[in-house]
Every structure is written in structure tokens, then in C-alpha cells.
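All values derive from a computational prediction rather than experimental measurement. Throughout, residue positions are numbered sequentially from 1 according to the sequence presented.
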Amino acid sequence: MKRVTPLRESAGGVRVAISAEETRLLQALILEHCGVSLGADAGFLFERRLGPRLDALSLGTFLEYFHYLSHDLGGPEELEECVERITTHETYFFREQFQLDAFSREIVPDLLRRGGARRELTVWSAGCSTGEEAYTIAMLLADVAPELAPQILGTDISPKVIAAAQQAVYSAASFRTTSDELRERHFEPAGPGLWRVAPALRRTCNFVRHNLTAVDRYAAFGRHDVIFCRNVLMYLSSQARLRVVEGFYDALVPGGYLLLGHSESLLNLTTRFELVNLSSDLVYRRSA
């Protein structure tokens with residue numbers, strides 16, 4: 001009989017340590033569900049973030065939790081809660097400013113030159129978290145190309161962050177690199193220490209819950225001029241990463257751009273994208 005080691009007393013009783021096999025089973029389940037590949041510290045992460053779920057569900061071990069996720073009627077809903085707890089949603093407005101400068105000063109003008117009389121621009125913020133990135137894009141386009149009628153799509157696997165993005169209310173933490181002038185111009189007060197995105201910008205953004213590994217659904221979103229997918233691919237397995245990147249290629253218009261996080265690249269993947277060296281950033285582009 002397998003011996004389990006108590007970690008500490010909790011409100012729900014004794015919480016047990018996770019075994020290597022339980023860690024492997026949960027890792028595999030999460031990988032299959034959303035492509036997220038967890039590293040060597042996955043056991044510690046599960047104990048810290050999922051331990052309270054054992055109490056909430058009156059389960060004694062992580063093996064019981066795995067079986068609940070896999071076979072119980074409440075499993076699919078709990079799996080969403082599981083992914084919610086083990087993923088990171090840290091973000092803020094105007095993150096990675098050097099890349100946003102490249103978007104405003106080089107990518108948008110290039111798209112406008114090639115678009116001729118077309119005055120629409122479609123941008124997908126993939127892994128949009130609580131919406132700051134999508135609204136940042138809307139602010140930039142309102143300032144550098146006010147004649148455009150942009151359509152900005154934000155997607156994320158988490159229903160909670162999608163709900164927050166739709167609400168569009170933010171605290172000071174989201175404005176850590178935003179000037180007071182920009183905040184006053186594009187936001188309205190929403191209570192003590194809170195600001196809400198102005199209605200004109202909210203109308204340009206649409207938020208939808210979506211699992212990025214469900215590549216077959218990309219076609220339903222239409223073609224995009226630019227896809228932002230920053231600090232997301234780094235959490236995916238190599239197979240899921242390649243599948244998503246190839247899906248992005250097909251989801252872009254010819255000549256469209258893919259922007260990744262500053263610590264991400266496609267160097268270890270064989271893809272159809274071409275690397276473009278801009279003045280302040282390296283980005284990827286679908287051939288025109």
C-alpha cells in the first residue's frame with residue numbers, strides 16, 4: 001500500500017503530498033487539454049495551487065483528484081478551474097514598449113501602404129488575459145491611425161479573465177507604465193482607484209473564450225493583419241507550439257505579422273514564417 005506524507009493541517013483535514021506518479025498523471029491530463037507543458041517543479045505547483053481543491057471536493061489524494069477530473073460529471077468544469085489555478089495571467093497596459101513602437105511606427109504603416117483604400121485592420125490578441133493588451137492595441141491605433149476602423153479580437157482559455165476583459169475596469173497595477181495623459185484620454189473613472197476603458201475603444205474589442213490548441217476553430221475568427229501572442233508559446237509543449245504557430249500562419253492575411261514575447265522565438269521550429277528585422281524588434285511575417 002502506498003504511503004503518503006502529510007504536508008500540513010488544513011481546514012478540510014490533512015493534506016497529503018503529491019507523488020511522482022500523481023504529478024505525471026496531472027501533467028499529462030493538462031498537456032492533452034490545453035498543450036501546457038509543466039516543468040520539474042510541477043509537483044510543488046500542484047500542491048500549492050490545487051491542494052485547496054482537494055478540500056473543496058472532499059478528496060483525500062491527488063490520485064482521487066485526477067480520477068475526478070477524468071471521470072466525474074463535474075470533471076470538465078473542474079478541469080477549467082484546475083487550468084485557471086496553474087496558469088499565470090500577469091499583464092498590464094503598454095507591456096514591452098519597444099515592440100509596440102515597432103507595431104505603431106513600422107507594421108501599421110506597412111499594412112496601410114499595402115492595403116490601399118482599405119480602411120479596416122484586424123488584430124488578434126491571442127492569450128489576451130484580462131484585456132490590457134487588446135485595449136493597448138486599440139489605444140495605439142486610435143492615436144497613430146484614427147482613420148482606421150480596427151477590429152480587435154481577444155481570446156483566452158480562462159473564462160474569468162475573459163469576463164474581466166469584457167468588464168474593462170482596471171486598478172493602478174495595470175497602469176504601471178501608462179502615462180496619466182493616456183489614462184485620462186482613454187479611460188473614465190469607475191470608482192475609487194479604478195478606471196474603465198472609454199466606450200469608443202471598448203466597441204473596437206471583442207473577447208471570446210478559446211483554447212489555442214483548438215486550431216480547427218481559427219477559421220471561425222476570420223483572417224487577421226496582425227496576431228499578438230506574447231508570453232504564451234513558452235508554456236506549450238513543442239508539438240502544441242508548432243500546431244498553434246502553423247494555425248497562426250493560416251489565420252493571417254498574406255503579408256500579415258506575428259508578434260511574440262521578447263523571450264520567445266521560432267528558431268527551434270520549422271515553420272512557413274519569414275523573420276523580419278525591424279528597427280526595434282524581430283517579428284515574423286506570412287509571405288505576401
Transitive ILVMFWY side-chain link Phe44 to Leu26, under 4.5 Å | no
Least distance between heavy atoms, Val108 atom then Leu121 atom | CG2-CD2, 4.5 Å
So the ring-ring contact (aromatic ring centres under 6.0 Å, His included) pairs with at least one residue in residues 149-195 (sequence neighbours excluded) are Phe93-Tyr170, Phe93-Phe175, Phe93-Phe187, Phe175-Phe187, Phe175-Trp195
Start with the C-alpha distance between Glu106 and Ser279, add both sets of side-chain angles, then the distance that settles side chain to side chain donor-acceptor pair (under 3.5 Å), and finish with yes or no.
-> CA-CA 8 Å; Glu106 298 181 73; Ser279 62; 2.5 Å; yes
Under 4.5 Å between side-chain heavy atoms, hopping through other hydrophobics if needed: is there a path connecting Val161 to Val169?
-> no
Spacing of Leu29 atom CG and Cys34 atom SG [to the nearest 0.5 Å] = 9.0 Å
Stepwise side chain to side chain donor-acceptor pair (under 3.5 Å) test for Thr213 and Asn211 = CA-CA 5 Å; Thr213 61; Asn211 184 340; 2.8 Å; yes
Closest approach of Phe46 to Thr23 (non-hydrogen atoms, all atoms of both residues) | CE1-O, 3.7 Å
Side-chain ion pair, Glu246 and Arg272, N-O less than 4.0 Å | yes
Any side-chain donor-acceptor pair under 3.5 Å between Tyr249 and Ser287?
-> yes
Ser129 backbone acceptor or donor facing Asp156 side chain under 3.5 Å | yes
Before giving the answer on salt bridge (charged side-chain N to carboxylate O under 4.0 Å, His left out), spell out for Arg53 and Glu78 the whole-Å C-alpha distance, their side-chain angles and the decisive distance to 0.1 Å.
-> CA-CA 9 Å; Arg53 297 306 301 158; Glu78 179 60 27; 2.8 Å; yes
Could you tell me whether Glu80 and Arg209 have a side-chain N and a carboxylate O separated by less than 4.0 Å?
-> yes
His210 and Tyr218 aromatic centres sub-6.0 Å | yes
Do any N or O atoms from the side chain of Glu264 and from the backbone of Leu233 form a donor-acceptor pair under 3.5 angstrom?
-> yes
Could you tell me whether a side-chain N or O of Glu188 sits under 3.5 Å from a main-chain N or O of Ala198, the two making a donor and an acceptor?
-> no
With no hydrogens and no angle check, is any side-chain donor or acceptor of Ser158 less than 3.5 Å from a backbone partner on Glu84?
-> no
Nearest atoms (heavy-atom pairs only) where Leu242 meets Thr270 | CD1-O, 3.7 Å
How about Arg185: does its CZ atom have over 12 heavy atoms from other parts shown lying under 6.0 Å from it?
-> yes
Of the options Val197, Val123, Ile152, which is the one that meets Thr204 in a side chain to side chain contact (heavy atoms under 4.5 Å, CB included)?
-> Ile152
Would you please classify the geometry between the His262 ring and the Phe98 ring as parallel, tilted or perpendicular, with 30° and 60° separating the classes?
-> perpendicular
Flag the pair Phe228 / Phe103 as yes when their ring centroid distance falls below 6.0 Å, and as no otherwise.
-> yes
Ignoring hydrogens and angles, tell me if any N or O in the side chain of Tyr135 forms a donor-acceptor pair with the backbone of Ala165 under 3.5 Å.
-> yes
Classify the ring geometry between Phe62 and Tyr65 as parallel (under 30°), tilted (30 to 60°) or perpendicular (over 60°).
-> perpendicular
Without swapping roles, check the side chain of Arg286 against the backbone of Asp225 for a donor-acceptor pair under 3.5 Å.
-> no
Looking at CD of Glu47 and CG of Asp41, how far apart are the two atoms once the value is rounded to the nearest 0.5 Å?
-> 11.0 Å
Counting only heavy atoms not in Glu77, do more than 12 sit closer than 6.0 Å to its CD atom?
-> no
Heavy-atom pair with the smallest gap, counting every atom of Leu266 and Leu260 | CD2-CD1, 3.8 Å
Return yes when atom CD of Glu21 has more than 12 non-hydrogen atoms of other residues, nucleotides or ligands closer than 6.0 Å, and no otherwise.
-> yes
Considering all heavy atoms, the nearest His224-Leu153 contact = CE1-CD2, 4.0 Å
For residues Arg49 and Thr87, report the shortest heavy-atom separation together with the two atoms involved.
-> NH1-O, 3.8 Å
CG/Leu252 to CD1/Ile227 distance, rounded to the nearest 0.5 angstrom?
-> 4.0 Å
Neighbour count >12 (heavy atoms, 6.0 Å) for atom CG, Asn268 = no
Hey, is Arg230 close enough to Glu132 for a salt bridge, meaning N to O under 4.0 Å?
-> no
